[in-house]
There are 2 protein chains.
Amino acid sequence: MRLIEIACKERLKSILHNEGLRYTSQRQEIWNELLESKEHRDAEEIYYSLMNRGIQVSRATVYRTIDMLVKNNMIEKLDIGDGKARFEYNDKYKHHDHLICTACGKIVEFYSKNIDKYQREIAKKNKFELLHHSHHLFGICEDCQ
Amino acid sequence: MRLIEIACKERLKSILHNEGLRYTSQRQEIWNELLESKEHRDAEEIYYSLMNRGIQVSRATVYRTIDMLVKNNMIEKLDIGDGKARFEYNDKYKHHDHLICTACGKIVEFYSKNIDKYQREIAKKNKFELLHHSHHLFGICEDCQ
DNA sequence: ATTTTAATGAGACTAATTAACAACAATATT
DNA sequence: AATATTGTTGTTAATTAGTCTCATTAAAAT
């Protein structure tokens, strides 16, 4: 096991403990899966990826665990509007939003400090306690133009 | 019929004509429904709202018409991540994004010229031809805090 | 008015997700 | 360490949102 995995195992354990939830092998495997590829994964993909690695976890557990991870800010939900939710590891120090090509589905990540600033202003002005956001730009990528 | 409705009837007719599509009472009724309340409506709501007003249109037609209206930029799709699509009249002169309370579901509209500017810059930098965007801020509103 | 062809309605169907519940396993209690 | 407790899991069934098919109907072109 690599160092990063050990660290993340402890992180998962401590969060489960704090929430009064139990540490299980299924939760660990799903969390590993999401950690390994920080890309935009949907529930079915995660389910099959585990299967292919010989790790048998039920679909329901995948959904339940993803839910729990989202609630605890371990992963972020990403909804590009195609009817299924995608998820990715929430690296607080590498926050980003998404540019999506409506022709080929390509996803490019972006981050803007300025947009972040204005978002916080807007939330403040409207007396909202900002929790998270979702910001997608849809267009045609260079290759598809 | 109010003046605005007449104007919009002509607008619908002309768009259908340009696209080589037919003008039907169902399309008119669905368009009226979306015009009347510029709020955030989902397909099912529109379907039932028409039913309640004694206007019988099938679900499939509601979906098909909404689709057509989105494609022709008459309405905008709004996806707040709860698994169903919402739609609203696309008033080009009153573009806005959304602040959503995760506790009560309240939706507050906002607009920022600055964010708009940075969005265009990001698209340009990545050589995307920007078509549209979706920008939601999720948080807890004043009442729910 | 008749013909052509697109649009509609009804309901079957699909995909994604959730719920119910019995069996099981991780912790707490003794 | 043994047992009780209670959360978690897998299975299956249900739900929800949206799509598809196809016979019927209605615009619009002739």
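Proteins get letters first, then strands, A, B, ... in listed order; numbering begins at 1 in each.
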A.B. asks: Report the residue from A:H98, A:H96, A:H135 that forms a ring-ring contact (aromatic ring centres under 6.0 Å, His included) with A:F110.
C.D. replies: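 Exactly one candidate clears the test, A:H135.
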A.B. asks: Is any side-chain heavy atom of A:R120 closer than 4.5 Å to one of A:L130?
C.D. replies: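 In short, these two side chains touch, coming nearer than 4.5 Å.
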A.B. asks: Can you tell me which nucleotide in C:dT5, D:dG18, D:dT9 comes closest to the side chain of A:R27?
C.D. replies: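 The answer is D:dT9.
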A.B. asks: Quick one: B:Q28 CD to D:dA27 P, roughly how many Å, whole number?
C.D. replies: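 It works out to 13 Å between those atoms.
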A.B. asks: Is B:Q56 close enough to C:dA10 that one of its side-chain N or O atoms is under 4.0 Å from OP1 or OP2 there?
C.D. replies: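 Yes, B:Q56 has a side-chain N/O under 4.0 Å of OP1/OP2 on C:dA10.
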A.B. asks: The side chain of B:R22 lies closest to which of these nucleotides: C:dG9, C:dT5, D:dG10?
C.D. replies: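 Of C:dG9, C:dT5, D:dG10, C:dT5 is nearest to the side chain of B:R22.
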A.B. asks: Can you pull out how bent the helix from C:dA1-D:dT30 to C:dT30-D:dA1 is, comparing the axes over its first five and last five pairs, to 10°?
C.D. replies: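 One end axis against the other gives 30°.
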A.B. asks: Does any part of the side chain of B:F128, heavy atoms only, come nearer than 4.5 Å to the side chain of A:L137, both counted from C-beta?
C.D. replies: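 Counting from C-beta outward, A:L137 and B:F128 never come under 4.5 Å.
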A.B. asks: Mind checking if A:E44 touches a base, just sugar-phosphate, or nothing, with heavy atoms under 4.0 Å?
C.D. replies: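 A:E44: no heavy atom of the nucleic acid under 4.0 Å.
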A.B. asks: Figure out the NE2/P separation between B:H17 and D:dA27, and round it to whole Å.
C.D. replies: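 Taking NE2 of B:H17 and P of D:dA27, I get 17 Å after rounding.
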A.B. asks: So, do A:H95 and A:H132 have ring centers that fall under 6.0 Å from each other?
C.D. replies: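 Here the rings of A:H132 and A:H95 have centres that are no less than 6.0 Å from each other.
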A.B. asks: Tell me, which of residues 58-70 of chain B have any heavy atom that sits under 4.0 Å from an atom in DNA chain C?
C.D. replies: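 Nucleic-acid contacts, sorted: B:S58, B:A60, B:T61, B:R64.
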A.B. asks: Tell me the interatomic distance from B:L16, atom CG, to C:dA7, atom C1', rounded to whole angstroms.
C.D. replies: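 So the CG-C1' distance, B:L16 to C:dA7, works out to 11 Å.
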A.B. asks: In whole angstroms, how far is the C1' atom of C:dA16 from the CZ atom of A:R41?
C.D. replies: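 Spelled out: CZ on A:R41 to C1' on C:dA16 is 17 Å.
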A.B. asks: For the atom pair CG (B:D67) and CG (B:N72), what is the distance rounded to the nearest 0.5 Å?
C.D. replies: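 The CG atom of B:N72 is 10.5 Å from CG of B:D67, to the nearest 0.5 Å.
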A.B. asks: For B:I30 and C:dA7, give me the distance from atom CD1 to atom C1', rounded to whole Å.
C.D. replies: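 The answer, rounded to whole Å, is 11 Å.
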A.B. asks: Report yes or no: do B:H133 and B:D97 form a side-chain donor-acceptor pair below 3.5 Å?
C.D. replies: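 Per modelled atom types, B:H133 and B:D97 side chains form a pair under 3.5 Å.
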A.B. asks: Please report the distance, rounded to the nearest Å, between CD in A:E45 and P in C:dT17.
C.D. replies: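 Distance, rounded to whole Å: 12 Å.
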A.B. asks: Can you check side chain to side chain contact (heavy atoms under 4.5 Å, CB included) on B:R86 and B:K77, steps first, answer last?
C.D. replies: CA-CA 6 Å; B:R86 286 176 175 72; B:K77 188 177 172 182; over 6 Å; no
A.B. asks: When you check the gap from the basic side-chain N to the acidic O, do B:R53 and B:E33 get nearer than 4.0 Å?
C.D. replies: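 B:E33 and B:R53: salt-bridged.
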A.B. asks: Considering heavy-atom distances to DNA chain D, does B:L21 or B:R86 have its closest nucleotide positioned more toward the 5' end?
C.D. replies: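 Closest to the 5' end, via its nearest nucleotide, is B:R86.
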A.B. asks: Take atom CG of B:D82 and atom C1' of D:dG18, then tell me their distance rounded to the nearest Å.
C.D. replies: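 Nearest whole value for this atom pair: 14 Å.
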A.B. asks: What is the separation between atom CD on A:E19 and atom P on D:dG7, rounded to the nearest whole Å?
C.D. replies: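 One finds 14 Å between P of D:dG7 and CD of A:E19, rounded.
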A.B. asks: Of the residues in residues 48-55 of chain B, which ones touch DNA chain D at a heavy-atom distance under 4.0 Å?
C.D. replies: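 Residues of residues 48-55 of chain B that come under 4.0 Å of DNA chain D do not exist, since none gets that close.
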A.B. asks: Report yes if the side chains of A:D79 and A:S134 come closer than 4.5 Å at any heavy-atom pair, otherwise no.
C.D. replies: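 In short, these two side chains do not touch, never coming nearer than 4.5 Å.
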A.B. asks: A side-chain contact here means heavy atoms from C-beta on lying under 4.5 Å apart; do B:K71 and B:M68 qualify?
C.D. replies: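 Sidechains of B:M68 and B:K71: no contact.
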A.B. asks: At less than 4.0 Å, is any side-chain N or O atom of A:Q26 found next to OP1 or OP2 of D:dG10? Yes or no.
C.D. replies: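 Affirmative; the distance criterion is met.
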A.B. asks: Mind checking whether A:K113 and A:Y111 have side chains closer than 4.5 Å, heavy atoms only?
C.D. replies: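 In contact.
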A.B. asks: Donor-acceptor pair, A:D42 side chain versus A:E44 backbone, under 3.5 Å?
C.D. replies: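 Looks like yes, one N/O pair under 3.5 Å.
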A.B. asks: Considering only C:dT8, D:dT9, C:dA16, which nucleotide approaches the side chain of B:T24 most closely?
C.D. replies: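 The nucleotide sitting nearest to the side chain is C:dT8.
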